[in-house]
Enquirer: 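Here's a structure for you.
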Amino acid sequence: MSSSKRITKELNDCLTSPPPSITITLPSESNISLWHITLTAPPESIYSGGKFGLIVQFPPEYPFKPPTITFATRIYHPNITNETNGSICLSLLKTDNWKPSTKIVTVLEAIRQLLVEPQPDDPLETRIAEQYKNERKEFEKEARAYVGRYAKGPVQFGTEAGAATTGGEGQQQQQQVS
Amino acid sequence: MPPPNTPEEGLLPPQSEPSRIASILATATPPPVDSAPEQAPSPEAAATTTTTTIHTVVPSSPEDPALLEIDYQILEYLDTVDETLLCPVCKTPFHEPITTSCGHTFCAWCINRALDIQPTCPIDRQPLTKTHDYHRPPLIIKDQLDRLKVKCPNKGCDHICPREHLDSHYERRCEHTMVRCPDARCRKRIARRHVQGPASTCMHREVSCRYCDERVALVDLNTHYDFLCSGATTKCSACEATVVLHRMEKHCAEDCLETQVRCKWHIAGCKVDDKRYLVQEHETGCPYEIIGELLKQRAEDRRIIDNLTDRLVALETERREHQERRARRRELSRQAPNTSHGADAIDLSAPDPSTFFYDMEWRPDLSNVGAGENRSWGSPEDYMLARFERLESRMEDLSKQVVELDAHQSMSMLQQIMPLNQQLVELGSKVGVLNMHTTWLMNMQRHNHLQQRAGAVSSSGSGMGNSGMASMSQMSSANDINNNFPVRLTEGGLPYRTTASRRNSDGRGEPPPRL
């Protein structure tokens, strides 16, 4: 109840003054705590030209508990798991570090910044992190390849609201595309 | 128009507390709202979802409150609110703000909830304890919040007021506030404006519509007739509109543009009588409007005058009663003659037993106790109280005077004693000097005696000159000793013989130099 009020407020803010290169859609009119976000990669990052789908799930305790944010689009990044349901390693979003005063816009900005500046010292994908540190050229090549393969064209979120099903179906669809 | 039996959006069951901040600090339990399904509504659908939520929650609350509490988190603010006045947790203007010991301010409910989940400040994550680390925020915050213009949360009410007045509007005046159904057994709520008729009638009991077969709650009947009823319809003979049969009368009386009506200023003498749409046009510029307004004002004035006249009459009768009472009182005091206590003696004789009960009749008069001196005492208590007050004030005066006198007394004491003291000291020093002189003289005398005796014993042949010389030297030594005197004197303040002089006087001191 209280969570919905805060989410409504934030959604209104986002709709009235949309943050740069971020589009928010609601997959279901009746469920305000699930957001689909299309994030256009910043031009200064190696992912430029790609459009990434993010799924934001607000817990019932929001804003006292952090929202869960996953990448619906596959991305080659040291801090994001290399799967269709890519979890993000962002200190802001960890339960211990989460502050109720943080707005979702701030989180999205942080994720956008993460694309510009990966943090290989706090990786989720150690292999990619190693590559990022030692063979930057190889990493960039691979990352661009991923962008070309997954992050072009309309963003797929999957039809179901649940994160797990989203991941599964998204993968299938994307595989068909590729 | 929404179905009137649904609670309005923006209302929550109260958080189990009547008195505001104190209990919030103490209880800090989240309101039952939290048990509501988390299927959160979209902004557009928020209204309906909230409504259903409340429906499920209200009956389960332990006691049915008279009014649902205002949910400050979804209030509509007219002006843009400064961001510093927004709670960092709910992002709405503070409601019952609390400042933590780390200096951040939150709504009471938000900080309580946040600390339930994690005992740290939601902003800087400093450890915080509920209640213990709470402080009252600066009053300036409250003032700023109070001034914010808000819209009444009740649907259908367009009232706008500063936030501090919202409560009173909502609780007492707003006709759209949901109150308990007049029927005590019914758990549903009803807008205040729908409460009418005998108190025990439940406005939610279902009646069947006369014109269609639907069953409708009594409170919804009008809405049903106007918008939902599928009963027989007919065409208005004048304007050709399709109207539900049983609404025809209302339609003709209020809405139909073709019906013949009179100008609304006909009371002022306007003769226009035409179809409604023509009359409406005419009414905007009707020359009788001014007269009509004047008539209205006059009626208003008349009402006020009548009101004042009534009050005047009431006051007049009251005054007469007072006078009568005073007269009786005088008579009474004449009947029971006072035992006088001198010029300004206190009249203690009033409540003697016979008059006591008699006076009891005027007990209501107790309200104007101590109003003045020259009035009649309504009852013995009255009288005693007034007396008591007078005594008390006199007592106060007296004690003031005593204090004054005391001060005066001590001042004069000081003034007199100071010179005396000085004189005493002077005398003391004089006595010391005298003592000194006496001692010196006595010493000399004794020496002289001793020398004369010694001279006579040792040799009668030795010349007087010798003894004269000796006595001279003796004198000088005594003088030397006496030079110490004043120093010693200052120590004790009392004259006494120094040890040196004593030794000398004993004759055992330094032998006088001899030639």
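In what follows, chains are A, B, ... by sequence order, proteins preceding strands, each numbered from 1.
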Enquirer: Testing E140(A), E142(A), R144(A), Q131(A) for side chain to side chain donor-acceptor pair (under 3.5 Å) with Y76(A), which one passes?
Expert: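 The single option meeting the side chain to side chain donor-acceptor pair (under 3.5 Å) with Y76(A) is Q131(A).
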Enquirer: Do T92(B) and K9(A) have side chains that get closer than 4.5 Å, going by heavy atoms?
Expert: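 Yes - at least one pair of side-chain heavy atoms lies under 4.5 Å apart.
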Enquirer: Between chain A and each of I117(B), V89(B), I123(B), D124(B), count heavy-atom pairs under 4.5 Å; write down the option with the most.
Expert: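 Winner by heavy-atom pair count: V89(B).
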Enquirer: Looking at E10(A), K65(A), K103(A), which makes the most heavy-atom pairs under 4.5 Å with chain B?
Expert: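 Highest number of heavy-atom pairs under 4.5 Å: K103(A).
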Enquirer: Backbone N or O of F64(A) within a donor-acceptor pair of the K99(A) side chain at under 3.5 Å?
Expert: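 Checked: no pair found.
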Enquirer: Can you tell me which portion of D13(A) sits under 4.5 Å from chain B's heavy atoms? Options are side chain, backbone, both or neither.
Expert: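 For D13(A), no heavy atom lies under 4.5 Å from chain B.
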Enquirer: For the CD atom of Q126(B) and the OG1 atom of T100(B), what is their distance to the nearest 0.5 Å?
Expert: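 Going from the CD atom of Q126(B) to the OG1 atom of T100(B) covers 8.0 Å.
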